[in-house]
Protein chains: 2
Amino acid sequence: MLTHSEENYLKAIFHLSLETDEDISTNAIALKINSQPSSVTEMLKKMSDKSMISYQKYKGVSLTEVGQKTALKIVRKHRLWEVFLFDKLNFSWDEVHEIAEQLEHIHSDKLTQELDRFLDYPQHDPHGDPIPNRAGFIQYSEKILLATLQVGETARFVGVKDSSAVFLQYLDKRNIALGDLLTISFIEAFDQSMHVLINDSNHILSKQTINNIYVLKV
Amino acid sequence: MLTHSEENYLKAIFHLSLETDEDISTNAIALKINSQPSSVTEMLKKMSDKSMISYQKYKGVSLTEVGQKTALKIVRKHRLWEVFLFDKLNFSWDEVHEIAEQLEHIHSDKLTQELDRFLDYPQHDPHGDPIPNRAGFIQYSEKILLATLQVGETARFVGVKDSSAVFLQYLDKRNIALGDLLTISFIEAFDQSMHVLINDSNHILSKQTINNIYVLKV
DNA sequence: AAAATATTTTAGGAAAGCCTAAAAATAGCA
DNA sequence: TGCTATTTTTAGGCTTTCCTAAAATATTTT
Ligand SMILES: [Mn+2]
Ligand SMILES: [Mn+2]
Ligand SMILES: [Mn+2]
Ligand SMILES: [Mn+2]
């Protein structure tokens, strides 16, 4: 059984591995989990001993098969709890993450399974991220950044890249929600801001915003 | 914010305090949480510094007002989660405690409140124990031990004293459930075993059993 | 009331998980 | 290739929570 801390390391390495094919560096992990590189080195040794990661001094780490499976279990729990909080307990999508960070560490296979059933086997969490199934299989979609669309194109809002509370609240304030249809009416050459038609109203979205919104072309 | 461990001490002292009016001894706590008296002494000092308990060397401890309030919050969470697992996730009453022991440490007032609402403000957990309300008020009932009844009396099964999995499973096996009506038909003088009519079938319940079942006379 | 017994505390130590500062290794560049 | 800057590891320390063994205190028995 892994400790709370070990699980957080595993999850950090998992998420960092999604961004690159290279091994994950000590510094990158330290940055991610808000700790010091020396603390990370220490933990990496322990997790290597437990065969959760492949680690060679100075060469970075990658998840082993077991580590990958374990990380997926934690991500699954995290996202299922987010769905529970959002769907059943009236939490908003900017509030769920913090509590899911705690709930993801509850150990009970039956609990995870029953929660999944109770929520009717959801495919995505409230931020549009895919939920691994019981076997650890995760269905990634072909989502692209809104910033890559051309004038005239229409697409569906299916996810956010960085789901910080402040960004999610910004979207809420503008009544932009997951599932909405977006049509690009104009792109400002000067600052790349995008004029977008959403729910019959026009929005001007900044470069930062459109680089943080995932869509699926329709 | 209290640690996981401090919360467990608080809960132990709370439960021990229900059994007696005296101060709680170091040994009793050690026994309850399965640790050593020396470990307990150490923690009691820390919790006294945090004003959660009143502690005088060699004299035992009691909860302060703040400690009592905090303990009740944890008990509230524990029992609400038990209801959730039992009512919504198909857990049996002998399985819920173990997982609630983990869930009770999740910190979020909103979560507790919304869970309470979602479960429709339950008054009792799956073992018949009362759930403190948001303000920490707990409604104790006049329940008595089945062992105290006389031949001919009828009462409703409303709780168990020791809710160990093995005892709860024993009741399940005999189709004896919370809410059932029990009528005493005979008491064996030799071993105090009780002949009880439950759901139209006759059961012979041992001394240990009838001293572990709470009822309300009807 | 003294002796024996039981309870509680103190002393000293271990493991986990974090830190800072210094040393070692690696990578980038002239 | 050799020097410099960056990254990573090691060394040493701190806190939390647990432990065992010994000392101190309280309780019970004679
Ligand atoms: Mn999240
Ligand atoms: Mn999410
Ligand atoms: Mn319980
Ligand atoms: Mn209970």
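Everything numeric in this text was worked out from a predicted model, so none of it was measured.
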Hey, could you give me each pair passing salt bridge (charged side-chain N to carboxylate O under 4.0 Å, His left out) that has a residue in residues 85-100 of chain A? Not counting sequence neighbours.
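Every salt bridge (charged side-chain N to carboxylate O under 4.0 Å, His left out) pair that includes a residue of residues 85-100 of chain A, provided the two are not neighbours, is A:E95-B:K110.
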
Before accepting this row, confirm whether a basic side-chain N of the pair A:E153/A:K217 lies closer than 4.0 Å to the acidic partner's carboxylate O.
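Between A:K217 and A:E153 there is a salt bridge, with a charged N closer than 4.0 Å to a carboxylate O.
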
Run the ring pair (Phe, Tyr, Trp, His ring centres under 6.0 Å) test on A:H97 and A:H78 for me, step by step, so that the C-alpha distance in whole Å, both residues' side-chain angles and the decisive distance to 0.1 Å come before the verdict.
CA-CA 8 Å; A:H97 179 79; A:H78 181 103; 4.8 Å; yes

Distance-only, no hydrogens or angles: does the A:R79 side chain make a donor-acceptor pair with backbone N or O of A:I131 under 3.5 Å?
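The answer is no, because no donor-acceptor pair under 3.5 Å joins these two groups.
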
Can any side-chain N or O of B:R156 pair as donor or acceptor with the backbone N or O of B:V215 at less than 3.5 Å?
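Answer holds: no.
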
Could you check which residues of residues 13-21 of chain A get a heavy atom under 4.0 Å from DNA chain C? Sort them by number, please.
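Heavy-atom contacts with DNA chain C come from no residue of residues 13-21 of chain A; none.
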
Side-chain contact, heavy-atom cut-off 4.5 Å: A:I213 with A:F167?
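With C-beta onward as the side chain, the pair touches.
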
In whole angstrom, what separates [X]'s [atom1] from [N]'s [atom2]?
| X | N | atom1 | atom2 | result |
| --- | --- | --- | --- | --- |
| A:D49 | C:dA16 | CG | C1' | 14 Å |
| A:I24 | D:dT8 | CD1 | C1' | 16 Å |
| B:E22 | D:dT27 | CD | P | 11 Å |
| A:Q56 | D:dT9 | CD | C1' | 15 Å |
| B:D23 | C:dT8 | CG | P | 11 Å |
| B:L44 | D:dC18 | CG | P | 12 Å |

Just by protein heavy atoms under 4.0 Å, how would nucleotides 17-26 of chain C read 5' to 3' in B, S and -?
SBBBB---SS

Would you mind classifying the nucleic acid contact of A:T26 as base, sugar-phosphate or nothing, using non-hydrogen atoms under 4.0 angstrom?
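Result for A:T26 = sugar-phosphate.
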
Looking at C:dT8, I'd like to know if its phosphate oxygens (OP1 or OP2) sit under 4.0 Å from a side-chain N or O belonging to B:Y55.
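The answer is no; no side-chain N or O of B:Y55 sits under 4.0 Å from OP1 or OP2.
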
Is the shortest side-chain N/O distance from A:N27 to OP1 or OP2 of D:dT6 below 4.0 Å?
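No.
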
Test item: side-chain donor near acceptor, A:Q102 and B:H107, under 3.5 Å:
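Side chains of A:Q102 and B:H107: no pair found under 3.5 Å.
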
Does the separation of the ring centres of A:F84 and B:F84 fall below 6.0 angstrom?
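Distance test on ring centres: under 6.0 Å, yes.
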
Out of B:D116, B:D125, B:T112, which one pairs with B:R76 under the side chain to side chain donor-acceptor pair (under 3.5 Å) rule?
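Answer to the side chain to side chain donor-acceptor pair (under 3.5 Å) test with B:R76 among B:D116, B:D125, B:T112: B:D116.
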
